[in-house]
Amino acid sequence: MHDPADPSSLRPAKRDLVSIDDFSNQEILELFKLAHEMGRDLRAWSHLCGGFILASLFYEASTRTRLSFESAMGRLGGRVISAADMSSSSASKGESLADTVRVVGGSYADVIILRHPCEGAAKVAAEYAAVPVVNAGDGSHEHPTQTLCDLYSLWVEKGSLEGLTVVLVGDLRYSRTVHSFAYALARFRANLVFVPHPGLELPSYVLERLGRRQAYEPQHVTLRDFPDVSRDADVVYCTPQKPHQLSLFTEVTELDVPSYDALYVTRPQIERFVRDGGRAPERYLRIEPHTMAGKKFKATSLMHPLPRTGEIAYEMDKDPRSIYFAQAARGVHVRMALISVLLGRSSFKSPPPERVADGDEVVGSPLSCANPTCISSKEAHLGSRFRIDSRRPFRVRCAFCETERPVGFVGDRERRTAWRSGAPEAADVRAEEMVLFESDEQVQRAAFAN
Ligand code: NCD
C-alpha cells in the first residue's frame, strides 16, 4: 500500500540474490540476453546506473568476484565503495553483520555485494539491509553469481542449457560454486556426475535439496572414462528421471553416457578444511591432455571458477575446449546485467520463481546449529531457526546454513510438554508451538514436562 508520507513505499520490492534459486529459469535466460547485449560493447552503458552506489563488503579474499563487480558497476556509470579487507572495519571490533548492513544499506549504498566466511551470512544480510544484497560467497554454502557466470558460459558455448551432462570434480564438500551450479543445472534438467576427491564428497544437504526440489535421485556408480580422476572416488550420478537400469544405492553400476558436455574442476578449499581441523588432501586430481583424450570428451568444455592451484595443467590452456578464462571474462557482462536489474534500471518480463514449500520453520529454540561456521553460531542475537524436513522420521535442518541437526526432544509450547524426537506425539506438534531441545537437561531448564 502506498503511504504518501513515505516515498519508499512506491519502490518495488527489493530483489536479493542469496541463492541461485532466487531467480527463475526464465529470468536467468533474460539476464543472459541482456549480458550478451552488454558484452557486445562494454563502453556503451555508462549512462545506465549514474548516481547509484555499490558497496562491496568482502570478509574473505577475492580477486575476480570483487573486481568484476566493481568493474561492472564502473562500466554502468555507477560508483563503488569498498571494504575489501574487513580486518580494517568495525567487524574487527565485534560489530554484527546485521548492524553493518543496516548502516551500509541505509544512505551509503544502493546495492550490497557480500562475501563472508560463514554459511547463511548472505541470508541474514538480505533480511536486515534495506537495499538488494548479492551473495558473493557465504562460507562453503553458495555462490550464485559464479553460477550465473558458469551457466552463461555454457549457454554461450552450447547454445542451450537443457539436458546437458556435466561432471563436477574435486572438492565438492567445501566448494560453494559446485553447490549453486548443481542446483541451477538440475533446474535445466542436466545429468550430473559428481566425482569427489575421497573425503570431500558433496554435503548430504545438497543431495537432499536436489531430491526435494528437483526430484533427483542419487546413484552410486563406477566410472571408467577418466580413471586418473575417478580412481578412488565415490562417484554419484543424478538424473531428472529415475533410470530403470540403475537401482538406488543398492548396487554399484557402471555409468555409461554417450558424451560429456562439461567438466567442472574445483581446487581443494584448503583454508576451509584446515579451519575444520583437516589436513590438505594428498594426490589431488590433475587434468592433463591425456585425461580428455577419449571420444566422449570431444566437445567437453573444461571449466573452473578459478583460482586454480594445480588441478588443471597449464598445457590445457591452449586447448580450445578450455573455457575457464572466458568464463572469468564473461563475469563482467553477467554482473553488469545483474546490477542493472537489481537497481531497477532493467527489468525482467518473466515472473520470479514460485516460492517452494520448503518445510515449516521453528524459531527460537534452545537447540542451536551444530555447524561452528554457521552465521547463527557466530552471532547469538540471531537465535536458532530450523526447517522441518520430515516429521516421520523427525528431521530438521538449520534455516541459515541448511546443515541437518539431530534433535533430542520436541516440545509443545502451549502444553509445556516435550517428547523424544522419535515419539509419535513429537511429529504432531504445530510448528508455531514447537520448541526443539538437544538434551533432557535443556528440557528441564525450560521447565517442560517429559
Ligand atoms: C571461487 C570462490 O570464491 O568460491 N572463486 C571465485 O569466486 N571465482 C572458487 C574458489 O575459491 O575456489
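Numbering of ligands and ligand atoms starts at 1, following listing order.
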Problem set entry | Validation row, ring centre Phe194 to ring centre Tyr237 under 6.0 Å | no
Which pairs of N or O atoms, one from ligand 1 and one from the protein, are separated by less than 3.5 Å, and what is the distance for each pair?
| unit_1 | atom_1 | unit_2 | atom_2 | d |
| --- | --- | --- | --- | --- |
| ligand 1 | 3 (O) | Arg115 | NH1 | 3.4 |
| ligand 1 | 3 (O) | Arg115 | NH2 | 3.2 |
| ligand 1 | 3 (O) | Arg176 | NH2 | 2.9 |
| ligand 1 | 4 (O) | Arg176 | NE | 2.8 |
| ligand 1 | 5 (N) | Leu306 | O | 3.1 |
| ligand 1 | 7 (O) | Thr65 | OG1 | 2.8 |
| ligand 1 | 7 (O) | Arg115 | NH2 | 3.1 |
| ligand 1 | 7 (O) | His143 | NE2 | 2.8 |
| ligand 1 | 8 (N) | Gln146 | OE1 | 3.1 |
| ligand 1 | 8 (N) | Pro305 | O | 3.0 |
| ligand 1 | 8 (N) | Leu306 | O | 3.1 |
| ligand 1 | 11 (O) | Arg267 | NE | 3.3 |
| ligand 1 | 11 (O) | Arg267 | NH2 | 2.9 |
| ligand 1 | 12 (O) | Arg267 | NE | 2.7 |
| ligand 1 | 12 (O) | Gln269 | NE2 | 2.8 |

Exercise. Can you list the residues that meet the side-chain contact (heavy atoms from CB on, under 4.5 Å) rule with Pro352, with sequence neighbours excluded?
Worked result: Arg15, Glu27
Exercise. Who passes side-chain contact (heavy atoms from CB on, under 4.5 Å) against Arg173, sequence neighbours left out?
Worked result: Asp171, Leu200
Problem set entry | Results of side-chain hydrogen bond (donor to acceptor under 3.5 Å, both in side chains) for Thr147 - residues two or more places apart only | none
Problem set entry | Pairwise distance CG(Leu185) to CG(Asp150) - rounded to 0.5 angstrom | 8.5 Å
Exercise. Which one of Gln327, Lys158, Arg330 satisfies the side-chain hydrogen bond (donor to acceptor under 3.5 Å, both in side chains) criterion with Ser153?
Worked result: Arg330
